[in-house]
Amino acid sequence: TGTDLSRTDYLEFYAADGEDLVLILDLGRVSEDAFFVDSEGRTSGVDPATGELWGIGELDQEADPRKGEIWNDLLDRRGVWVESCEGRRGQIYPLGDPRANCTRGNGRNDTEDLDGDGNLVTEDRVYRYVIRLDGSSPYLARTREQTGSNFQLYRVPLRGPLATNVGGRVTEADWRAVKHLRLTVVGPAAQAGVSLARMKLLGSRWVKRGQEGILLGLAGNVLGTGGRLEVGPVNSLSEGGRYQSPPGVLDQLNDPTRAFSGQGVEFNEGALSIQVQDLGPGERAEVYSRFPQRPRNFLTYRQARLWVVGTEGDWGMDGPEFFVKVGSDPENFYLYRTRRPVPSGGEGILPSDWLPELVVDFTRWLTLRRQAEEELIQNPPTPGGAPVAVWSADSTYAVFLKDRARAPNLAAVRELSLGIWNPTGVPVRGTVWVNELRLGEAVRDPGYAGYMDLDLDAPNLLRASLSYSGQGPFFRQLSGD
């Protein structure tokens with residue numbers, strides 16, 4: 001059925017050597033018609049052992065279910081094509097040994113039929129990425145000097161402007177069911193090689209609002225006029241010395257017992273990167289994360305805390321603003337916004353650059369919520385109109401409310417949003433790193449509960465029973481939030 005890559009933004013890998021080579025990566029649904037060249041330079045022909053056609057335009061496979069064939073050792077030794085090599089079952093070959101790709105005798109049921117439907121698919125519908133390994137590629141993220149090894153880091157934005165659409169438009173539905181990744185190496189006729197390591201797809205549980213993440217205003221789902229948003233993880237592995245953790249934030253596992261599991265466990269403290277280009281005036285770039293199982297209760301705390309630093313872009317008192325939303329949907333939410341200082345301009349981020357830590361006071365939101373409720377009752381919005389917005393005196397806190405039934409509720413938070421808002425009159429660009437979003441100042445007010453049961457019994461005269469139970473607003477059981 002494919003893999004859902006709708007929340008994936010990058011393909012990342014390390015490459016060593018191969019400066020004269022070019023890598024072509026195709027992501028999507030690729031042709032099943034493999035390109036094989038035999039010892040005489042032919043790409044098709046007749047198998048002398050079976051008399052069957054092989055090569056371009058044929059569905060080559062060791063066992064053909066249409067003929068009732070069941071894969072066995074005899075068919076495995078025959079292989080898919082007319083090959084002179086011969087592999088071994090379970091054999092581990094040295095790096096670059098051509099027998100590693102030999103289909104004869106490798107102990108696997110080899111076939112060109114990737115989806116197993118018995119038909120040969122010959123058309124591509126993919127996004128294509130061309131990556132030069134000579135150091136001139138725009139996908140080069142870290143050089144050998146920066147990695148301190150012979151490897152260079154390449155990071156490919158999957159929806160970047162340099163991607164080429166081949167074989168038809170790749171829709172959002174296709175991104176939710178990506179089946180194949182094909183790698184082609186192009187270079188001179190002379191023998192050359194490249195070593196690839198740690199190839200992986202990078203994404204985030206934070207989803208772009210409205211698919212592209214660029215929208216008009218601070219509320220709603222109206223798409224913006226342009227711009228580009230990228231979101232993903234950053235850490236010392238991807239950024240090298242440019243990344244430094246906030247003060248007091250250390251490398252550690254969520255579950256410390258995993259360090260004693262007997263297996264290698266990689267963990268690396270990191271942050272969320274939100275990068276925007278050409279964000280138009282009055283537009284926002286927004287990503288959100290929903291709680292699909294059940295809403296979360298924030299009322300047992302009095303504040304939210306997070307570290308935010310602008311690493312590059314048009315930050316400062318006249319630049320864009322960073323915002324946090326807590327609520328139910330794009331039209332009913334609490335909002336906090338702030339400007340970030342101009343980046344220091346050095347080679348990287350220092351722990352002191354994260355200061356001061358952002359602190360969001362829930363009490364101010366609750367005060368504005370009451371005002372917004374009154375405003376909504378007195379002046380309800382028209383169908384399709386903008387939600388009611390009530391701001392604090394310093395324009396830092398706000399409540400947006402359109403439907404009282406879906407009003408933001410800190411006792412039942414359904415989603416969190418982060419983003420960049422452009423209040424200026426010109427397009428802006430910028431990158432922020434967000435780290436350690438957490439709740440603080442737990443409510444510790446004592447709570448009380450009581451129960452009383454009174455029975456009055458006068459034999460042969462009367463019988464009365466009185467019961468009373470109650471609890472204060474701060475009473476909580478151990479099994480509760």
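Here, residue 1 is the first one in the sequence, and each next residue gets the next number.
- In this view, Asn221 satisfies the side chain to side chain donor-acceptor pair (under 3.5 Å) rule with no residue, not counting sequence neighbours.
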Subject >> Derivation of the side-chain hydrogen bond (donor to acceptor under 3.5 Å, both in side chains) call for Asp124 and Ser31 >> reply: CA-CA 5 Å; Asp124 287 336; Ser31 168; 4.7 Å; no

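- Counting heavy-atom neighbours within 6.0 Å of Arg132 CZ, excluding the residue itself, gives a total of 12 or less.
- Closest approach of Ile274 and Leu229 over heavy atoms only: CG2-CD1, 3.7 Å.
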Original post:
Given Leu437 and Leu416, is the side chain to side chain contact (heavy atoms under 4.5 Å, CB included) satisfied, shown in steps?
Top reply: CA-CA 10 Å; Leu437 175 59; Leu416 297 173; 4.0 Å; yes

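- Within 6.0 Å of the CD atom in Glu12, the count of heavy atoms belonging to other residues, nucleotides or ligands exceeds 12.
- A donor atom on one side chain and an acceptor atom on the other are found under 3.5 Å apart for Asp455 and Ser465.
- Listed by chain and residue number, nothing satisfies the salt bridge (Lys or Arg N to Asp or Glu O under 4.0 Å) test with Arg29 (two or more places apart in sequence, or in another chain).
- For the pair Glu123 (side chain) and Gly167 (backbone), a donor-acceptor distance under 3.5 Å is absent.
- Side-chain atoms of Asp314 do not come within 3.5 Å of backbone N or O of Val428 as any donor-acceptor pair.
- The ring-ring contact (aromatic ring centres under 6.0 Å, His included) test applied to Phe322 returns no partner, not counting sequence neighbours.
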**OP:** Could you walk me through whether Asp26 and His180 pass side chain to side chain contact (heavy atoms under 4.5 Å, CB included), step by step?
**Re:** CA-CA 8 Å; Asp26 293 324; His180 309 124; over 6 Å; no

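- Using a distance-only test at 3.5 Å, with no hydrogens or angles considered, a donor-acceptor pair links the side chain of Lys325 to the main chain of Leu218.
- The side chain to side chain donor-acceptor pair (under 3.5 Å) check on Arg305 picks up Gln303, Glu357, with sequence neighbours excluded.
- Looking at heavy atoms from C-beta onward, Ser328 lies out of side-chain contact with Asn409 at the 4.5 angstrom threshold.
- No more than 12 heavy atoms of other residues, nucleotides or ligands lie within 6.0 Å of OH in Tyr301, so this atom counts as exposed by the packing criterion.
- Just one residue in the list Thr3, Asp4, Leu158, Thr8 forms a side-chain contact (heavy atoms from CB on, under 4.5 Å) with Trp175, and that residue is Leu158.
- Leu5 places a side-chain heavy atom less than 4.5 Å from the side chain of Leu27.
- Among residues at least two apart or in separate chains, there is no salt bridge (charged side-chain N to carboxylate O under 4.0 Å, His left out) pair with a member in residues 416-436.
- Looking at heavy atoms from C-beta onward, Trp307 lies out of side-chain contact with Val309 at the 4.5 angstrom threshold.
- Legend: residues meeting salt bridge (Lys or Arg N to Asp or Glu O under 4.0 Å) with Glu19, ordered by chain and number and at least two apart, are Arg144.
- Scanning for ring-ring contact (aromatic ring centres under 6.0 Å, His included) contacts around Phe298 gives an empty result, with sequence neighbours left out.
- Using a 4.5 Å heavy-atom cutoff, the side chains of Asn435 and Trp354 are in contact.
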Subject >> Chi angles and distances behind the salt bridge (charged side-chain N to carboxylate O under 4.0 Å, His left out) call for Glu230, Arg155 >> reply: CA-CA 12 Å; Glu230 295 180 2; Arg155 186 179 298 123; over 6 Å; no

Original post:
What's the verdict on side-chain hydrogen bond (donor to acceptor under 3.5 Å, both in side chains) for Ser273 and Gln275, showing C-alpha distance, side-chain angles and the deciding distance?
Top reply: CA-CA 6 Å; Ser273 171; Gln275 181 181 23; 5.5 Å; no

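- Taking the side chain as every heavy atom from C-beta outward, Glu312 and Thr431 approach each other to under 4.5 Å.
- The ring-ring contact (aromatic ring centres under 6.0 Å, His included) search around Trp206 returns none, not counting sequence neighbours.
- Residues forming a ring-ring contact (aromatic ring centres under 6.0 Å, His included) with Phe323 (at least two apart in sequence, or on another chain): none.
- A distance-only check finds a donor-acceptor pair linking the side chain of Arg284 to the backbone of Gly217 [under 3.5 Å].
- Side-chain atoms of Glu286 and Pro330, non-hydrogen and from C-beta on, never get closer than 4.5 Å to each other.
- Shown here for Ser137 and Ile131, the closest heavy-atom pair between the two residues is OG-CG2, 3.9 Å.
- The ring pair (Phe, Tyr, Trp, His ring centres under 6.0 Å) contacts involving residues 132-156 comprise Phe13-Tyr154, where partners must be two or more places apart or lie in separate chains.
- The salt bridge (Lys or Arg N to Asp or Glu O under 4.0 Å) check on Glu321 picks up Arg337, Arg339, with sequence neighbours excluded.
- Not a single donor-acceptor pair under 3.5 Å links the side chain of Asp278 to the backbone N or O of Gly226.
- Under the 4.5 Å side-chain criterion, counting only non-hydrogen atoms from C-beta, Glu331 is not in contact with Asp403.
- Remark: Arg406 pairs with Asp329 by the salt bridge (Lys or Arg N to Asp or Glu O under 4.0 Å) rule, at least two apart or across chains.
- In this structure, Val30 and Arg182 approach most closely via the heavy-atom pair CB-NH1, 3.7 Å.
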**OP:** Step by step, work out the salt bridge (charged side-chain N to carboxylate O under 4.0 Å, His left out) result for Glu373 and Arg369.
**Re:** CA-CA 6 Å; Glu373 291 266 8; Arg369 161 72 184 272; 2.9 Å; yes

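- Side-chain contact between Tyr468 and Leu454 is absent, with no heavy-atom pair separated by less than 4.5 Å.
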